[in-house]
Each structure stands twice: as structure tokens, then as C-alpha cells.
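All values derive from a computational prediction rather than experimental measurement. We count ligands from 1, going down the list as the structure has it; atoms in each ligand are counted the same way.
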Amino acid sequence: MRTFALISLFICSGVLAAFVFGFDLRDTVQTLEYDDEQEGLEDQVVIKFSHVTSEHTPKGLAARKFAELVEERTNGTVSVEIYANGALYNDQDEQQALKENRVQMIAPATSKLTSEYPGFQILDLPYAFSSYEEVRKAYEGTIGRTLLAELNKSEMRGMGFWYNGFKQMTSTSESLLHPSDFERMHFRRMPSPVIERQFQALDASTSLLPFNKTYENLHVEFINGQENTTSNIYTKKLYETQDHLTISNHGYLGYIVLTNETFWKNLSDEQREIIETSMEDATEWIRRHSIETNDAHLRELKRTDSISIHYLNQEQQNIWRQALEPVYIETEAFVGRELMQELDQITDQ
Ligand code: LMR
């Protein structure tokens with residue numbers, strides 16, 4: 001009520017002043033419309049880029065690279081604000097935030113799209129890839145194109161696949177060298193049915209937990225194991241709560257960069273082109289630098305002395321592969337025969 005009275009008073013005094021001093025109110029409004037700064041502000045586009053990892057991980061560094069390229073190539077008319085470490089949204093709510101355009105870019109692990117887009121499960125299959133080159137072929141070939149096409153029917157537009165690295169296992173008290181070591185253990189997992197089946201095949205139980213809740217759940221011993229890349233294990237200090245790290249390379253963790261479809265359509269052709277080429281360059285950058293970042297963090301883990309590091313030999317790895325074989329048969333029903341054949345082709349080459 002009081003606000004209404006104040007507004008009325010303000011309008012009345014404006015009209016009275018116009019009457020007394022003889023100036024035209026329409027001129028005043030027009031003068032404001034010609035304010036250069038106002039026009040400049042309207043033209044600036046802000047991309048809020050939200051992600052959950054540390055700034056020093058492959059994803060954190062690539063997001064920074066992408067922001068620099070976009071800002072430089074658009075002379076600052078498009079700016080990219082990065083929110084790392086889940087500062088704005090965690091992995092459980094960032095997709096909804098993107099769909100509602102509260103943020104304009106996210107880069108979730110592909111595993112986090114599997115419930116809505118079952119085809120993405122193929123990328124989580126244990127031992128699906130035995131080299132970085134095979135991962136690249138999947139992302140850039142028929143598998144990547146098929147998954148992107150599936151996604152692009154929605155409010156989320158896929159901009160490209162980003163790389164992190166191979167996942168390793170960590171555990172409390174017992175080292176994980178043989179499938180039987182997993183029995184009765186409780187792991188944190190990402191929301192992917194394949195990952196759930198992977199742990200079931202090893203007779204371990206799991207809880208679905210956000211990435212940034214892993215440390216505290218290990219700390220209070222609600223879970224006693226988890227899987228991740230060495231860059232995530234190091235930067236989130238998970239090694240402080242774990243006794244053993246097994247270099248198993250049993251799965252690959254990569255990302256899909258997503259933008260909001262309506263936001264994208266409202267950009268100019270020139271802005272879209274610059275953002276797309278900057279994304280291609282940042283993708284190439286992360287592809288080349290993700291390996292060395294994970295290697296550097298593995299060296300740091302060795303230096304901490306607080307976790308014992310074990311490497312699976314070929315024979316041990318073969319036993320893990322055998323134990324995980326049933327996951328393939330169960331997953332084909334969700335992914336389809338064609339994509340499974342594509343994966344076979346990549347890995348047989
Ligand atoms: C995880 O949840 O473990 C990862 O997806 C975190 C990330 O984004 O690398």
C-alpha cells in the first residue's frame with residue numbers, strides 16, 4: 001500500500017513539474033532510449049557455465065580455456081561466467097537448471113544422462129575402451145553422433161564430448177585386486193544403471209551420491225569405496241579418506257557439454273559460430289591435456305604417502321573383465337544391437 005502511494009506521488013510530481021516547467025514527458029523517455037550504455041548492456045550475452053569439479057581438473061581447465069576463447073573472439077560481447085565445484089548447482093540439479101535456462105552451459109559426466117537417454121549407457125560399459133584413441137573414435141564416430149541426435153530432440157543441445165580419463169577404484173582397509181575383494185563393500189556411484197550393474201557383478205552394494213558428497217560419505221564411513229579418475233581423487237582429496245588406490249582403468253569418465261536450446265536459438269548466427277568454433281578448440285585442448293593432468297595428479301597422489309597404490313597386472317585385469325562380462329548382455333537391451341556392434345568395431349580394430 002505504502003509503495004503504491006509513493007509511486008503515485010512520484011508520477012503526480014512528474015506531471016506537475018512538466019506542467020509548471022513546460023517540458024514534454026515523451027522527450028524525457030526518448031532521451032533514455034538513446035543512452036549508449038543501456039544499448040551496450042542489452043547486447044552483452046552472459047553464459048553461466050556450471051560444473052561440479054575443481055578448477056584444476058581437465059573439465060575445470062577446459063571451461064576456462066573455452067571462456068577465454070569466446071571472450072577474446074567476441075571482444076567481450078559474450079562473456080562466460082564459470083561456477084566450479086558445484087557452487088551454483090550440484091550434479092543432481094544442474095540438468096534441471098539448464099532446462100529452465102537458469103544456467104546456459106553444463107558439462108555432466110555422460111553417465112548422468114543415462115536415465116533419460118539410455119543409449120548413453122554404452123559409454124559406461126566396464127572395459128569398453130582400452131585406449132584413449134578408442135574413446136575418441138566413439139565420441140567422434142557413429143556412437144557419438146547417434147547419442148547427440150537422440151539428445152538434440154530435447155531442450156538440451158549437445159555441443160560436444162569432453163575428455164577426462166580412465167576410472168580407478170579406491171577403498172578403505174582392503175585393497176581391490178581380485179573381484180572377490182569387492183564382496184560386502186559399499187561404493188558411491190553415479191546415476192548410471194551400467195555402473196550399478198558393474199558393482200552388482202562384483203557383489204558389492206552401492207549408494208547413488210552426488211560427486212561433492214563423496215568425501216564426507218567416505219569420511220563418516222557410510223561408503224567404503226568409490227571409483228573416479230586420479231584428477232578427481234586428488235583435487236577432491238578423496239585419498240585422505242581412503243587406504244588403497246587400484247589402477248584398474250576399468251571404465252572411462254567423459255563429459256557431454258550441453259547448452260539450453262532456446263538460449264542457443266536466440267543468439268545471432270555470428271555468436272553461434274564463434275561459440276561453436278571455440279567449443280571445438282576447447283575440445284581439442286581437453287583431449288590433448290586431460291591425459292597429462294591425470295598423470296600429474298597420480299604423481300601427486302604418490303607423493304602424499306597417504307594411500308597405497310596398486311597396479312593390476314594383465315592376468316588380474318583379465319579376471320576382472322571376465323567377472324564383468326554379464327554387464328554387456330544386460331546392457332544391450334537398453335543400448336540396442338547396432339550401437340553395441342559399433343563398439344565392437346572400434347575395439348576390434
Ligand atoms: C562424478 O560424479 O564422479 C564425476 O562425474 C564428477 C565429474 O564431473 O567429473
Side-chain angles (χ1 to χ4, degrees), residues 49-64 66 82-95 97-98 103 105-117 120-121 123-126 135 139 156 158-171 186-196 198-199 206-218 222-223 225-239 241-242 245 248-258 282-283 286-287 289-291 293-294 296-298 301:
F49 190 148
S50 170
H51 71 85
V52 297
T53 64
S54 141
E55 289 171 29
H56 309 291
T57 55
K59 178 160 62 179
L61 296 167
R64 172 67 41 224
F66 169 72
I82 301 169
Y83 299 89
N85 291 307
L88 264 193
Y89 296 106
N90 71 28
D91 34 12
Q92 289 181 320
D93 47 28
E94 64 181 6
Q95 287 180 51
L98 182 80
V103 290
M105 269 194 194
I106 58 173
T110 54
S111 323
K112 291 171 187 166
L113 272 86
T114 50
S115 1
E116 214 173 327
Y117 302 97
F120 278 79
Q121 292 190 36
L123 301 172
D124 279 333
L125 279 166
V135 176
Y139 285 176
M156 300 194 295
M159 306 285 297
F161 290 94
W162 273 8
Y163 299 75
N164 183 339
F166 283 95
K167 290 184 288 183
Q168 323 298 349
M169 295 282 188
T170 66
S171 54
H186 192 56
F187 282 80
R188 176 261 169 175
R189 70 166 171 86
M190 289 191 278
S192 167
V194 180
I195 297 178
E196 188 175 14
Q198 164 193 285
F199 283 110
T206 53
S207 281
L208 177 57
L209 291 169
F211 176 57
N212 282 308
K213 295 273 180 227
T214 309
Y215 181 94
E216 68 193 62
N217 278 285
L218 285 169
F222 172 65
I223 46 175
Q226 67 83 46
E227 55 166 14
N228 226 308
T229 58
T230 49
S231 62
N232 279 341
I233 294 169
Y234 179 69
T235 55
K236 287 290 163 186
K237 294 189 179 345
L238 303 184
Y239 60 88
T241 61
Q242 296 284 269
L245 165 65
S248 49
N249 295 318
H250 64 277
Y252 190 83
L253 173 64
Y255 308 108
I256 178 136
V257 187
L258 301 166
T283 301
I286 193 172
R287 193 183 65 73
H289 288 81
S290 54
I291 305 171
T293 307
N294 276 294
H297 287 151
L298 177 58
L301 286 168

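- When all heavy atoms are compared, the tightest approach of E94 to I106 is O-CD1, 3.8 Å.
- Remark: E116 engages K99 in a salt bridge (Lys or Arg N to Asp or Glu O under 4.0 Å) (not counting sequence neighbours).
- Between H186 and F222, the distance separating the two ring centers is shorter than 6.0 angstrom.
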Can you produce the list of protein nitrogen or oxygen atoms under 3.5 Å from a nitrogen or oxygen of ligand 1, alongside each distance?
unit_1   : atom_1 : unit_2 : atom_2 : d
ligand 1 : 2 (O)  : K112   : NZ     : 2.7
ligand 1 : 2 (O)  : R188   : NH1    : 3.4
ligand 1 : 2 (O)  : R188   : NH2    : 2.9
ligand 1 : 3 (O)  : R188   : NH1    : 2.7
ligand 1 : 3 (O)  : N228   : ND2    : 2.8
ligand 1 : 5 (O)  : K112   : NZ     : 2.9
ligand 1 : 8 (O)  : K59    : NZ     : 2.7
ligand 1 : 9 (O)  : N232   : ND2    : 2.9
ligand 1 : 9 (O)  : Y255   : OH     : 2.5

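- By the 4.0 Å N-to-carboxylate-O rule, E55 lies too far from R64 to be salt-bridged with it.
- Applying the side chain to side chain donor-acceptor pair (under 3.5 Å) test to Y255 and every residue at least two apart in sequence or in another chain returns N164.
- For D93, the side chain to side chain donor-acceptor pair (under 3.5 Å) criterion is met by no residue, not counting sequence neighbours.
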